[in-house]
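A quick write-up on the structure given underneath.
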Amino acid sequence: MMNLGLLAFAQPWLLLALLGLPVLWLLLRLTPPAPRRLSFPAIRLLIGLRVPEETPARTPWWLLLLRLLIAALIILGLAQPLLNPAAQLSGSGPMLLVVDDGWSSARFWQARQIIGGNLLAQAEREGRAAAILTTAPDAQGDPPSVSNLLPAAEARRVLQGMRPKPWPSDRAAALEALDNFAGEGSSPVVWLSDGLGDDDARALAEALQRLGSLHVLREEGAGLPHLMLPPETEGVDLVARALRADASGPGRAEALGLAADGRILVKAPLLFAPGETEARALFDLPTEMRNRIARIAIEGETTAGAVALLDERWRRRPVGLVDAGSQESQPLLSETYFLARALEPFTELRQGRVETLLQRQLAVMVVPDAVSLSETDRAAISDWVGRGGLLLRFAGPRIVSQSAEAAGAEQQSDLLPVRLRGGDRVLGGALTWDTPAQLAPFAGNSPFAELDLPDDVLIRRQVLAEPSLDLAEKTWARLADGTPLVTADRRGEGWVVLFHTTANTDWSNLPISGLFVDMLRSVMAVSQGISGSASGQALPPIEVMDGFGSLGLPSAAVLAIEPEEGRPPVITAQQPPGYYGNDSLRQAHNMSASVTALEPLGALPSGATEGLYHESPETDLKPWLLAAALILALADLLISLALRGLLPLPGRPAAAGTAAVLMIALATAAAGPPALAQSVAGDDARALEATLTTRLAFIQTGSSSIDEISRAGLAGLTRVLELRTSVEAGQPLGIVLGRDDLSFFPLIYWPVTAEQPDLDSVAVEEVNRYLANGGTILFDLREASSGMQLFGASSQGTRDLQRLTRGISIPQLEPVPADHVLRKSFYLMEDFPGRFTGGTLWLEAQSENINDGVASVLIGSNDWAGAWAVNRLGRPMNAVVPGGPRQREMAYRFGVNLVMYALTGNYKADQVHIPFILERLGQ
């Protein structure tokens, strides 16, 4: 390789062929072109006879120059010039490429493959063999191993076929695998690290450095992966938590609450304070929406650690508390008061009569002892329990009297889990020898098994159960003497649970202890199928994650989880993150079970070098040069045919030669690298481009990804307009506020993002002038929300909208009326879906002052450009949820209606008067 700084040649010996260009010049100059052939039939001797021009004896100079240029491009292309060439590999041995392929490497996996492929291509140019060492166990759980020495091209194909794994790396095992490296001499070693450090990172780096020169590529700062922790509950709210590795400065990420079908239900910022590694985000949602959250993910990160799966442990259950009403003489001492105070922090509590509560969906129904149930209520509750509900009851004087009557009649209520003895048992009374009893330790198969048992909880009175063969199986909690305190029984798909004491302080001090709240929380969990009976049982895999955080079917190598008491199972190759369980129990298994902290990669051994993944890679110019040579060769062929008269061209030959030279220059410019062919149009040219053809426009936000979606979305809408309407619009244009004139465009799409800076006075004045003169702007918050509050700062999008429109004259807004012309300007529409649905579309309230009936401002949140966006093949770029193709079609219809509304004004609304006008004319 010959290195010339920014340019290098991989095959420099081919440059010697350039010395033959003078010889080629002489050969082409001395060799005349083929003679021109003229048709000269005898019958036309006297018609149009001309003295033909003589064929030049030598090839024209510009054709010689063209052919020499073709030869030079071929020689330079075969020499394989490299732009920004990498340094030549050190040492004389084979190359060793170490790849971190655990969960944390998935975020920029494609960049790792590209850089690793370039390194192996460099080894191939130098004629070196290569070996690859991965640091994560394989899918069968075997420890990392180093590959055999391979040709560099074969190692490159192996690297391209690798995928990140959804479990942590094992650098200690990778260190042991280095013993099998069969390299001879000093080997160049490159470590494609994930940027995270652990206890074995330095030992691995030192071992790699002993093989030869060590170069480590890493991420830093915001480029390091985040870890999503399981959420916490604070009262009625769900709190997302995330960890970062680098705490040197402030940081920000976005937490997304996703439904099972991928819909975004909520979005909240994760703000990392300087010096802090953990950030929290509050999800303030109604219970129905919160219970739909299936996973919490970090926006923009595709790793198994950036996703936290949720199961029934994080659901907030709707609980119905049957109110005794006037039956309670002392409300503040009643069971209802104690139960309400205990249940409100972690449930959606509803109070009322049985028939009222059963009209809505419930997970648990709580019936205090003071409530008297009618036969109708008992039948309704029994049917509800059979369909999957959980009935929670408490004993007291009423159940004591009912059990005594039932004992005499030898029958028991079907709303009790066990048969009760007649009467009750008083501990510590005047006529008893017993003292108030404490609770016995909870059994391992009880839902209360993980609760801490305090010493100060005393039971003074209880209702006893009749002995039976299955009493032990139905007992969830018992007193120190072995008598049941909490019993439960399965009824159909549901449960019946009984506390053998009251829910107030009449019979015990349990209701005023923290244990009471924890026991109720455990009972709530049982209502959704998470029961203590599943403790200790193996949970087979249902769905597991891949390295990019996507769920899929498990392979045959994935094993069931056997939970160990006191600690969650760890993430391994045989037990990757995902969902495990069965039809009655679905348990989430997250990366946080094995990774509890993140830290950046520490200092490297002395002599090792390091770099970043986003450094400028080398660019191979060989394809560009050979493509340019091919285009010029085709141009030479066309010119030769034209000079021989086989391709007639109008005008003089000199003009044809000049046109050929211009065509060659344009072809060369088009075939060169994109960076060399860029040009900037002036303001006049841009204005001319905007006025000659009707065009849609969008506001450039500064984010290349969002601007590309806006451009592709309007391009897709323009294509639909051409196919379905008479509108012939040009390609959409991007607008920079404060620089470009807005008056050329009838409709402007404005995506609202948090990254957009505040508008200056010039931009605000320009927008106000545009709106006042009849322009229309569609503000799109691009978030899945109800959109009921715009300027109340109810979400991040509305707060950004309020900030960006500060100083803009926003008129009074209203939701689109049912009879508005926007609903019928081309298609008849009831709602206006985009990539999301459910958001409200707001527009300027109807008045006589509106220009031709067209509102100047429309505001929504359904991400219409995301639904319209198509790639260059005309295929959709984004999924629409939840409606699929039907929803995308309705989004296109809304776009057509919007454009027709902006272009035609109230024309469509005036059509309703045509029947009356015709009727009058007929009279």
Full working for side chain to side chain contact (heavy atoms under 4.5 Å, CB included) between L243 and F272: CA-CA 9 Å; L243 292 180; F272 294 91; 5.9 Å; no

- Task: Could you check V523 against L390 for side chain to side chain contact (heavy atoms under 4.5 Å, CB included), going step by step and ending with a plain yes or no?
- Result: CA-CA 9 Å; V523 173; L390 186 146; 3.8 Å; yes

Q: Could you walk me through whether L451 and S522 pass the side chain to side chain contact (heavy atoms under 4.5 Å, CB included) test, one step at a time?
A: CA-CA 9 Å; L451 301 182; S522 300; 4.0 Å; yes

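Between Y580 and Q575 there is a side-chain heavy-atom pair separated by less than 4.5 Å. Considering only heavy atoms from C-beta on, T302 stays 4.5 Å or farther from W109 through its side chain. Using a 4.5 Å heavy-atom threshold, the side chains of Q887 and P833 count as touching. For the pair Y579 and H589, the minimum side-chain heavy-atom distance is 4.5 Å or more.
Ion pairing between a basic and an acidic side chain is recognised when a charged N comes within 4.0 Å of a carboxylate O; R171 and D100 show such pairing. Using a cutoff of 4.0 Å between basic side-chain nitrogens and carboxylate oxygens, E301 and R107 are scored as salt-bridged. A salt bridge does not link D311 with R586: every distance from a Lys NZ or Arg NE/NH1/NH2 to an Asp or Glu carboxylate oxygen is 4.0 Å or more. Checked for salt-bridge contact, E219 and R112 miss the test: no charged N lies under 4.0 Å from a carboxylate O. Salt bridge absent: R244 and D246 never bring a charged side-chain N and a carboxylate O closer than 4.0 Å. Ion pairing between a basic and an acidic side chain is recognised when a charged N comes within 4.0 Å of a carboxylate O; E232 and R280 show such pairing. With salt bridges taken as basic N to acidic carboxylate O contacts below 4.0 Å, one links E278 and R241.
Of all heavy-atom pairs between A304 and P577, the closest is CB-CG, 4.3 Å.
With rounding to the nearest 0.5 angstrom, the CG atom of L339 is 6.5 Å from the CG atom of L520.
Heavy atoms of other residues, nucleotides or ligands lying less than 6.0 angstrom from CG of D470 number more than 12.
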